[in-house]
Visitor: 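Have a look at the structure that comes next, please.
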Amino acid sequence: MTQHSPPLVLPPSLSRTVAALPDKDRNRLDDTITRLHTVNGRLWDTEDRVRGALLSAAQVADCKREIDQLNAERNLLAERADEVLGSLADAGRADAPLHTETLASVVDRLSVLTLRIWHSERAAARDELARRRVPALHGQQEELCAALDALVSDVVAGRRRLPVPARFKLYGRDDAAPAEIKPSRRLRRVLAFGGLSECGKSTSAEFVQRTCGAQRFKIGFLLRQAAHREGLADPYALSARRQAELLLGELNRFADAHVDTELFTIESVHDDASIAELKRLMGDALQIVYLDASFALRVERSGTPAQAVAAKDEIKMSRGAHQVAALADHVIDNTGSIAALRARLRRIAAPPASTALRAATPYGLGLPAAVASSTADFTDAVRAYGPGVRLAALTGSPGGGSWIAGWSDLDLLVIAEHEAIGRVHEALEQYRTALGGAASLGPTLVTPGELTARRLTPRLAFVLHQLQQGSPVLHAAPSLELPTISRGELAFAAVRELPQVILTMRRLRADAGPTALRPLYKHLVLACRLLLREHNQWESGPDRILAAASHMPGLTALSVPSLAEISSAWRDGEAELVLKPVTMAVDQLLTWYAVQLAA
């Protein structure tokens with residue numbers, strides 16, 4: 001509707017009757033009538049535009065398409081209003097005289113008359129004919145309001161029946177059931193960023209693109225693409241519904257052509273009407289994200305004068321940008337830290353999911369009796385802390401059933417609320433004491449917030465993936481939500497982790513005495529595992545990992561004793577017997593790696 005155009009005021013009897021409706025029906029009717037009045041205002045403006053200044057043939061065609069679209073919306077909204085208004089009728093008087101039109105049709109006429117009065121009053125200052133019409137128009141409005149109130153009273157009392165509200169309008173379509181564009185099954189998730197100037201929309205979209213692999217689009221680009229494809233001169237002159245259909249059409253085309261893309265972002269949402277229509281078309285597949293910040297902070301962040309920011313805000317607000325907050329699925333107060341913003345964005349872009357985990361007792365993990373008993377006591381202790389401790393699991397070799405006494409560590413993952421970490425420390429100290437020298441304990445403590453915000457090291461991401469693939473846990477709280485880790489994410493994580501592993505392996509190789517055997521061998525296996533992930537190979541177990549790595553292009557086969565031989569030599573104090581073949585394999589791998597990166 002034209003900016004500052006008049007609101008639609010219903011006559012008193014109808015207003016009182018509507019106020020008595022149940023909240024759900026009343027709110028639905030209020031929204032529908034408001035939208036109907038808005039559509040009528042846009043119809044008026046569009047018809048003025050097509051009759052006004054000289055337009056090209058393409059611009060006239062655009063206007064005609066918009067008029068058809070708005071008329072279709074107008075009739076649909078009137079039918080929806082009648083669905084509620086029809087409930088006011090007394091169903092017991094089937095013999096009552098039939099009125100010629102429905103209540104919503106009269107409301108629609110009142111809306112148009114309200115607009116006609118407003119436009120005539122604006123034109124009266126320069127047009128004598130318009131000035132003389134104004135009193136007559138006000139008289140028509142009073143009569144129509146009185147007639148509508150009388151009709152409402154008659155309908156409620158059963159003295160009048162209303163016709164069937166269906167209008168069956170086609171507006172140029174070839175069939176009676178208008179085809180509605182729907183999201184492609186490959187268009188899985190779209191984030192739409194809105195907000196006023198300098199609130200962080202572009203920064204947020206860029207972060208989601210970089211960290212979540214999203215495909216990022218500007219709404220203006222998509223509309224221009226669609227306009228070019230369909231021969232439209234000005235897509236912004238079309239109705240909100242038509243703009244939403246054009247946006248969805250372009251997103252569908254890209255999603256169908258790029259089937260591996262899981263996430264899209266669009267920015268910036270400045271028009272509340274068109275994004276509301278897109279939400280109706282897409283449902284929960286579209287998540288509207290509104291970023292909010294104070295004017296003073298936005299000015300500070302922009303580095304430009306306050307007047308410049310205010311001017312941009314005024315333009316955006318004229319299009320309804322500030323009203324997007326009421327439609328948003330997520331409203332983010334972007335006045336805090338970057339860490340808080342990014343954590344919220346990661347949860348929105350990749351929401352955690354409830355995970356079905358496989359539970360096992362320590363005695364079922366192949367651990368020695370003393371180690372299993374100490375582990376069971378620790379599990380009982382953290383389980384007694386209640387919901388503060390969400391998960392406890394032995395990872396690595398215990399989870400895989402290949403733990404070797406005297407060689408393997410007890411790698412432990414505990415997910416606990418920050419407030420419970422102190423009590424977890426106490427349980428860990430008791431655990432270490434109970435273990436004595438039977439095993440070395442390597443705990444990893446992480447909060448649920450860190451996980452759902454995906455603040456993960458590559459190794460932690462791999463552990464979560466293993467748990468989701470069926471590795472057992474000692475304890476898990478009901479309805480535990482964890483980030484879903486894909487193999488693709490692990491492959492990217494391997495790229496980030498491998499440089500640190502290589503640097504550590506070189507440091508260990510520089511002092512390769514017998515005491516370095518265990519960490520040197522473990523880093524050799526880890527480096528080979530990460531390299532295999534980059535080649536989309538997912539071997540488990542040190543012997544199989546080293547054997548598979550020997551087949552990487554250009555790498556001479558690694559001749560390394562088996563894990564059983566190496567661990568036995570380590571436990572027996574004969575590390576020097578197997579140290580040489582391990583160091584030779586490390587040298588081979590480091591040489592190969594250097595050549596690969598220098599090519």
Side-chain angles (χ1 to χ4, degrees), residues 357-386 388-416 420-446 457 459-460 462-463 466-467 471-476 504 508 511 513-526 540-543 561-579 582:
L357 301 174
R358 182 169 69 90
T361 68
Y363 299 97
L365 298 179
L367 300 173
V371 175
S373 176
S374 301
T375 304
D377 290 342
F378 171 78
T379 304
D380 290 341
V382 296
R383 185 180 289 119
Y385 295 160
V389 178
R390 310 305 305 279
L391 179 141
L394 289 176
T395 64
S397 54
S402 58
W403 191 81
I404 301 174
W407 171 264
S408 301
D409 290 330
L410 282 175
D411 293 322
L412 175 70
L413 171 65
V414 178
I415 302 173
I421 294 294
R423 300 186 71 183
V424 174
H425 286 164
E426 296 174 5
L428 286 172
E429 188 58 36
Q430 296 171 2
Y431 192 9
R432 286 193 183 92
T433 301
L435 286 171
S440 177
L441 184 62
T444 297
L445 305 183
V446 61
T457 64
R459 294 191 189 193
L460 182 53
F462 179 69
V463 167
Q466 291 295 93
L467 294 179
S471 290
V473 301
L474 301 171
H475 163 67
T504 303
L508 293 169
D511 185 25
T515 58
L517 171 65
R518 185 170 175 272
L520 192 60
Y521 174 81
K522 290 198 170 189
H523 277 78
L524 172 65
V525 172
L526 178 57
S540 60
D543 293 336
S562 68
L563 173 60
E565 293 174 290
I566 291 176
S567 60
S568 176
W570 173 263
R571 290 195 309 270
D572 295 342
E574 297 176 342
E576 65 277 0
L577 297 178
V578 293
L579 179 60
V582 171

Visitor: How many angstroms lie between CG in L577 and OG in S568, if you round to the nearest 0.5 Å?
Guide: 10.0 Å
Visitor: Considering only heavy atoms from C-beta outward, does the side chain of V414 approach that of V382 to under 4.5 Å?
Guide: no
Visitor: Which heavy atom of P368 sits nearest to which heavy atom of A405, and what is that distance?
Guide: CG-CB, 4.4 Å
Visitor: Once you round to the nearest 0.5 Å, how far does OG1 of T515 lie from CH2 of W570?
Guide: 6.5 Å
Visitor: With S440, which residues qualify under side chain to side chain contact (heavy atoms under 4.5 Å, CB included), at least two apart?
Guide: D409
Visitor: Verify, without hydrogens or angle tests, whether R571 (side chain) and W407 (backbone) share a donor-acceptor contact under 3.5 angstrom.
Guide: no
Visitor: Atom CG of L394 and atom CG of D411: how far apart are they, to the nearest 0.5 Å?
Guide: 8.5 Å
Visitor: Between S567 (side chain only) and A564 (backbone N and O only), is there a donor and an acceptor less than 3.5 Å apart?
Guide: yes
Visitor: To the nearest 0.5 Å, what is the distance between OG on S397 and CG on L410?
Guide: 7.5 Å
Visitor: Tell me the closest heavy-atom pair linking H475 and V389, and the distance in Å.
Guide: NE2-O, 3.3 Å
Visitor: Would the distance check show the side chain of S471 and the main-chain N or O of L467 forming a donor-acceptor pair, the cut-off being under 3.5 Å?
Guide: no
Visitor: Just how far is it from atom CG of L474 to atom CG of L357, taken to the nearest 0.5 Å?
Guide: 11.5 Å
Visitor: Between H523 (side chain only) and L508 (backbone N and O only), is there a donor and an acceptor less than 3.5 Å apart?
Guide: no
Visitor: Is T457 close to T444 at the side-chain level, that is, under 4.5 Å between some pair of heavy atoms?
Guide: no
Visitor: Which atom names give the shortest non-hydrogen contact between Y363 and S373, and what distance separates them?
Guide: OH-CA, 3.5 Å
Visitor: Please tabulate, for the side chains in residues 421-434, all donor-acceptor contacts under 3.5 angstrom to protein atoms that are two or more places apart in sequence or on a different chain.
Guide:
| residue | atom | partner | partner atom | Å |
| --- | --- | --- | --- | --- |
| Y431 | OH | T375 | OG1 | 2.6 |
| T433 | OG1 | E429 | O | 3.0 |

Visitor: Looking at every heavy atom in both P514 and L579, which two are closest together, and how far apart are they?
Guide: N-CD2, 3.9 Å
Visitor: Between I566 and P561, what is the shortest heavy-atom contact and its length?
Guide: CD1-O, 3.6 Å
Visitor: Around atom CG of D572, are there more than 12 heavy atoms from other residues, nucleotides or ligands closer than 6.0 Å?
Guide: yes
Visitor: Which heavy atom of L517 sits nearest to which heavy atom of A575, and what is that distance?
Guide: CD2-CB, 3.6 Å
Visitor: Could you tell me if the side chain of P542 sits less than 4.5 Å from the side chain of Y521, heavy atoms only?
Guide: yes
